[in-house]
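The block underneath contains the structure these notes are about, expressed in C-alpha cells.
Throughout, a chain's letter reflects where its sequence line sits, starting with A, and its residues are numbered from 1. All values below were derived from every heavy atom in this structure, side-chain atoms included, with hydrogens, water molecules and symmetry-related copies excluded.
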Amino acid sequence: MSRPALLAALVLLAAASASAAPYRVFMVLHRAGAETDQGFKDYLHSAGLEVEFTVRNIEGDASRLPAIVQEIRARRPDLVYAQSTLVTQGLVGELGETDAPPRITDIPVVFAMVSDPVSAGLVERLESSGRNLTGAIHVASLPVQLKAMQSFMPLKRLGVAYNPAELSQRTMFDRLSQLTAQAGIELVAVDPLGPDGKPDPARLPTMMQRLAARRPDLVYLPPVNFFAPHSQLLMSEALRLGLPTFCAIEVQLEAGGMMGLVAPFYNVGGLAGFKAAQILRDRQPPSEIPIEALSRFSFEVNMPAAHALGLYPPMHILRYARMRER
Amino acid sequence: MSPASDGGLSRGRIWQVSLLSTLLIVATLVAASVQASRLFEESLRPDLRAKAETLAETVALQFHRAADLGIPVTRLGAADAYLDDAAAGHEELRYIGFASPEGRLLYASRELKTRPESFFDRVKQAHGQEESRGLARLEGALDLAHPVESRGRVIGQLHLGIDAGYVEQRLQEIHTDILITLFVTALVTIEVLMALMGLLVVRPLRLLHRLLALGSAGDFTRQARLRLHDEATRALAAAARLVRVLNARHAALTERAARARRGGRLTEAVEQALAALGARFRFGDPKAPAALEEPETGDLRLPLFIYLFGSELSRSFWPLYVKRLYQPGPFFSESFMVALPMSLWVTAMVLCTPLGGRLLNTRGSRVALLAGMVPSAFGLALTGQSSSLTELFLWRIVTAGGYGIVTATALLHVARTSKQRHGARSMGVFVGASTAASVCGTAIGGILADRIGYGATFGVAAGLVCLSMVLVGLLTPDSGPREAAEHRPVAAYLGILKRGRVLLFILLAAMPVRLVLTGFLFFLTPLRLHELGFSEAAIGRLMMGSFIATVLATPVVSLLADRYGWHRGMMLAGGGSSGLGVLLFASAEGSWPLLASVLLVGLGQALATTPLLASVPPLFAEECVGFGLDALLSVFRIIERVGSLAGPLLAAALLGASGFVRCAHAIGAGMLVLTAGLAAYLFVRSLPSSTPSPKAP
C-alpha cells in the first residue's frame with residue numbers, strides 16, 4: 001500500500017471511530033431557560049451530530065466558576081458552551097491576564113450571548129480570536145442601534161441605564177458617549193450602584209426616576225446581565241414614568257420594552273451551534289472561525305407600550321418593523 | 001439620341017413615378033398613423049388612471065396597517081416623507097396627499113405642500129362636479145381620490161395628482177417618432193423604387209435602344225446579357241435573339257464561303273458581295289459576343305444604400321453603447337476608451353481600402369462588394385453581443401474592414417463610370433446614398449434602441465447588411481474584372497504624397513471636414529446630448545437633422561457646382577458653416593439652438609464634401625495623368641480618413657483636458673482657421689493661370 005493511500009485509510013478509520021462515540025459537550029449557563037441554549041442544542045441535532053450534553057448553571061454567581069473550570073479540566077469534553085460574557089470570562093479568562101486562576105486553554109469554547117467580545121477583553125479581533133474561542137454575538141453593533149433609534153424619532157437627549165460594575169458595560173458606555181457626541185445628542189446616564197460600588201436591585205426604581213427627571217427623548221437599555229432578572233420591573237417603571245425604551249435584547253422587549261433592534265435568542269443559539277459543528281465535525285480550529293452576529297436583526301415595536309405612551313412609529317418603520325400586539 | 005441623354009430623360013420619369021408612389025404610400029401611412037395615435041391617446045388616459053389607482057392601493061396599505069394597529073390617523077409620523085417617497089419615480093404624478101374623512105388635508109408630498117391652501121379646497125369642489133367617479137379635473141392636473149378604509153370604516157382619502165401635460169408630452173414624442181418613421185419610409189421607398197425601376201425598366205429599355213441604335217448603324221458585335229425575365233427584358237430579349245441569329249447566320253455564311261473558296265467555287269460576284277457586307281455591317285462572334293452593358297454609376301446605389309443604412313443604425317447611440325461596457329482601468333480615461341473604437345474603425349477601414357480596389361480590378365464589383373459585406377454582417381451582429389470592450393473593439397475592426405472594402409469599391413466604381421462633365425453629380429450618387437442612409441439609419445436606430453435595446457438594434461443592422469448582399473447577388477450587374485491601371489499602388493501613393501500641393505490641399509480641405517464629422521458629430525454630440533438628458537430616440541432625431549441638411553443640400557450643391565463651377569466657393573462656405581455650427585453647439589442647451597447648430601454642421605458637410613471630390617481631377621490634372629485617377633483618389637481618401645481617425649481621439653483628448661464647452665470651442669475655431677487657410681491656398685493656386693472654371697452655356 002502506498003503511503004498516501006495508507007494515510008487516507010488511517011484518516012477514514014479515525015473519522016469512523018470518532019463518529020462512533022457521541023461528542024461530549026459541556027454547557028455552562030449563566031441562568032437556565034434561555035432560548036439560546038435550546039437553539040444551540042437543536043442545531044447540533046439537526047446537523048446530524050450525536051452529542052452528549054453535560055449542563056452546569058451558575059445562577060448568576062461568578063464565584064461558582066472556578067470549580068466548574070476544575071471539573072471541565074478533569075473531564076476533558078470535546079467542546080465547552082458558554083452562555084454569557086461573565087461565564088466566558090470565567091472559563092477562558094481575559095487576554096493577557098497574569099496571575100490568573102486556572103483557565104481552559106486547550107478545549108474549544110463556543111459562546112452564545114456575548115454582546116461585545118472585544119470590549120470584554122476576550123479577543124482582539126472578531127475575524128479570528130487567536131485562541132481556543134469563537135461564538136455568536138447576540139446584539140447589533142452600537143452605531144446600528146443608534147441609527148435605528150434615530151429612524152424612529154429625532155434624538156436630542158438620550159438616556160441610558162447601565163451597570164458600570166461590568167467591564168463590558170464600561171466600554172459600551174465609552175463608545176456610546178463617543179457616538180452620541182458625534183451625532184450632537186446629549187447623553188444622560190444612570191446606574192444602580194450602591195455606596196459599595198455594587199449594583200443593588202433595590203435601587204432600580206429610583207434609578208428610573210432619576211432618569212425620568214432628566215426628561216430624555218428615549219431610554220437605551222443595553223444588554224446588562226444584572227438587569228436580566230429585573231426586566232419586568234424596569235419596563236413597568238419606565239411605562240409608569242412615561243419613558244419610551246429602546247432594547248438591545250429580546251427578553252427586554254418581552255418584558256414590555258417599547259421597541260428594539262433584536263435578534264431572536266433561539267437563532268443566536270443556532271449560530272453558536274453552527275460554529276460548534278464546524279469545530280466538532282469539520283475539525284476546524286476555533287481560533288480560525290470568525291466571531292459573528294446574525295446577519296439580520298429585526299426592528300420590533302411593542303404596540304401596547306406605544307399606545308400607553310401615545311408614541312407611534314413613523315410610516316417608514318411600519319413598512320419593515322415587526323409589531324407586537326399583545 | 002445618346003444613351004446619356006436618354007438616361008437623363010428616363011431619370012426624370014422615374015422620379016415622377018417614384019414620387020407619386022411614395023406620396024401614395026406616405027398618404028396611406030399618414031392615415032394609419034393618425035388612426036393609431038388617436039387609439040393610443042384614447043388608451044393612454046385610462047391606462048394612467050389605472051396606474052394611479054394601483055399606486056393609490058399600494059400607498060394605502062401602510063395607512064391600513066397603521067389603522068389596524070390602532071394608531072390614530074392624525075398621529076402618523078413621517079407621513080409626508082412617506083408620500084414623497086411614493087410619488088418619486090412616477091414622472092406623470094404631481095403630488096399625493098392624504099385627507100381626513102372630514103376633508104382636512106393631513107399629509108402631503110412636497111409639491112402639494114408648496115401650493116396655497118385654497119388649492120385643496122378647489123380639489124374638493126372639483127370632486128363635487130367630477131367627470132368620472134373619483135377623478136376630477138383641475139388646472140393642469142387630474143385629481144384621483146381614493147378612499148382608505150379600515151375595518152369597514154373610512155379613515156381618510158388619498159389624493160393623487162396626475163399631470164395633464166404628461167399625456168400631451170408623451171403624445172408629442174410618439175407623433176415625432178411617427179413623423180420620422182414616415183420620413184424615413186418615404187426616403188427608403190424613393191431609393192428602392194428608383195433603383196428597381198432603373199434596373200427593371202429603364203435599363204433594359206436603354207439597352208434595347210442601344211442595341212437597335214448599334215444595329216441601325218450596322219454594328220451587331222455586342223450582345224445583351226439577360227438575367228431577369230419581365231416585360232421590358234422580354235423586348236430586349238427578342239432584339240437580342242435577332243442579333244444572335246444574325247450573327248449565327250453570318251458565321252454560317254462565312255463558313256460556307258470559306259469552304260467554297262477552298263474548292264475554288266466562289267465566284268467573283270459573291271466575293272464582292274461578301275466584301276460589301278463586311279464593309280457595311282460588323283458582326284460579332286456568336287459564341288463570345290462583346291457585352292452591350294457598360295457599368296453605370298447607379299448600379300450600386302440600392303445595395304450601397306441598404307448596406308450603409310445598416311451600418312449607420314448605431315450612429316446615434318454608439319458612444320453611449322461603448323460607455324456602458326467601459327470598466328475603469330489604470331491606464332486610459334473613459335473618454336479615450338469611448339473614442340478609441342471610432343478611431344479603430346477608421347484605421348481598419350483605411351487599411352482595407354486598397355483591398356477593395358484590388359478586388360474590383362481582379363474579381364469584379366460583385367465579389368468585391370460581397371467580400372466587404374460578409375465581414376460587416378458578422379461584425380455588426382457580434383458587436384451587439386459583446387460583453388467587454390476587447391470583444392467590442394475586435395468586432396468593430398471586423399465591421400470596419402468590410403466597410404472599407406465596400407466603400408472603396410463603390411467609390412472607385414463611381415469614379416470610373418462618371419463622365420467628367422458630371423463629376424460632382426456622379427459623386428453625388430455616392431454622397432447622396434451614404435447621407436440618405438445616415439439619415440434613415442441614425443433616426444431609426446435611435447428609435448429602435450429606445451424600444452428594443454442595443455443588442456437587437458445591432459441584429460437589425462446585420463440583417464440589413466445581409467439584405468444588401470442578396471441585392472448584390474440578385475440584381476446588380478457585375479462590372480467584371482478589368483486590367484488594373486497600375487500595379488505598384490504604394491509607390492504611386494508615396495509619389496503623390498511627395499507632391500506638397502496635393503498634401504496641403506487635403507490637409508486644409510478634406511481633413512478638417514472629416515474631423516468635425518467624426519470628432520464632433522459622431523463622438524461629442526451623442527455624449528453631450530445624453531448629458532443634457534436627451535433619450536436615444538431624441539439624440540437620433542437631432543443628429544438626423546444634420547444628415548437631412550446634408551441630404552437636401554447635396555443635390556443642390558452638386559447641380560450648382562457643376563453648372564456654375566462654384567466648387568471652391570462652396571468648399572469655403574462649407575468650412576465656415578461647420579465651424580460656426582460647432583461654436584453654436586458649444587453654448588446651446590435648448591432643443592432649437594442645438595438643432596440649428598447641427599443643421600449648420602450638416603449643411604457644411606454637403607457644401608464641403610460634394611464639390612471636394614469632384615474638384616480633385618481638375619485641380620490636379622498633372623497628378624491624374626502621372627499617377628492615375630484611381631491612385632490619386634485612393635490617396636485622397638486615405639489621408640482624408642486620417643482626419644476621421646484623428647477626430648474622435650482629438651475630441652476625447654480635448655474633452656478630458658478641458659471639458660465639453662472648451663473642447664467644442666477649440667474644434668469650431670480650428671475649423672474656421674483651417675478654412676481661412678484653404679481660402680488663401682485656393683487664391684494662390686488661382687493666381688498664375690487665373691482660368692475660370694468652364695461655365696455651362
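At a threshold of 4.0 Å, the pair B:Glu102-B:Arg104 does not count as salt-bridged, since none of the basic side-chain nitrogens sits closer than that to a carboxylate oxygen.
Both the backbone and the side chain of A:Met323 come within contact range of chain B, each with at least one heavy atom under 4.5 Å from a heavy atom of that chain. Using a 4.5 Å cut-off between heavy atoms, B:Leu76 contacts chain A through its side chain alone, with no backbone atom that close.
Taking the six-membered ring for Trp and the full ring otherwise, the centers of B:Tyr95 and B:Phe119 sit less than 6.0 Å from each other.
Within 6.0 Å of the CD atom in A:Glu124, the count of heavy atoms belonging to other residues, nucleotides or ligands does not exceed 12.
Classified by interplanar angle (parallel below 30°, tilted 30° to 60°, perpendicular above 60°), the ring pair B:Tyr107/B:Phe63 is tilted.
With respect to chain B, the highest number of heavy-atom pairs below 4.5 Å among A:Glu325, A:His307, A:His316 belongs to A:His307.
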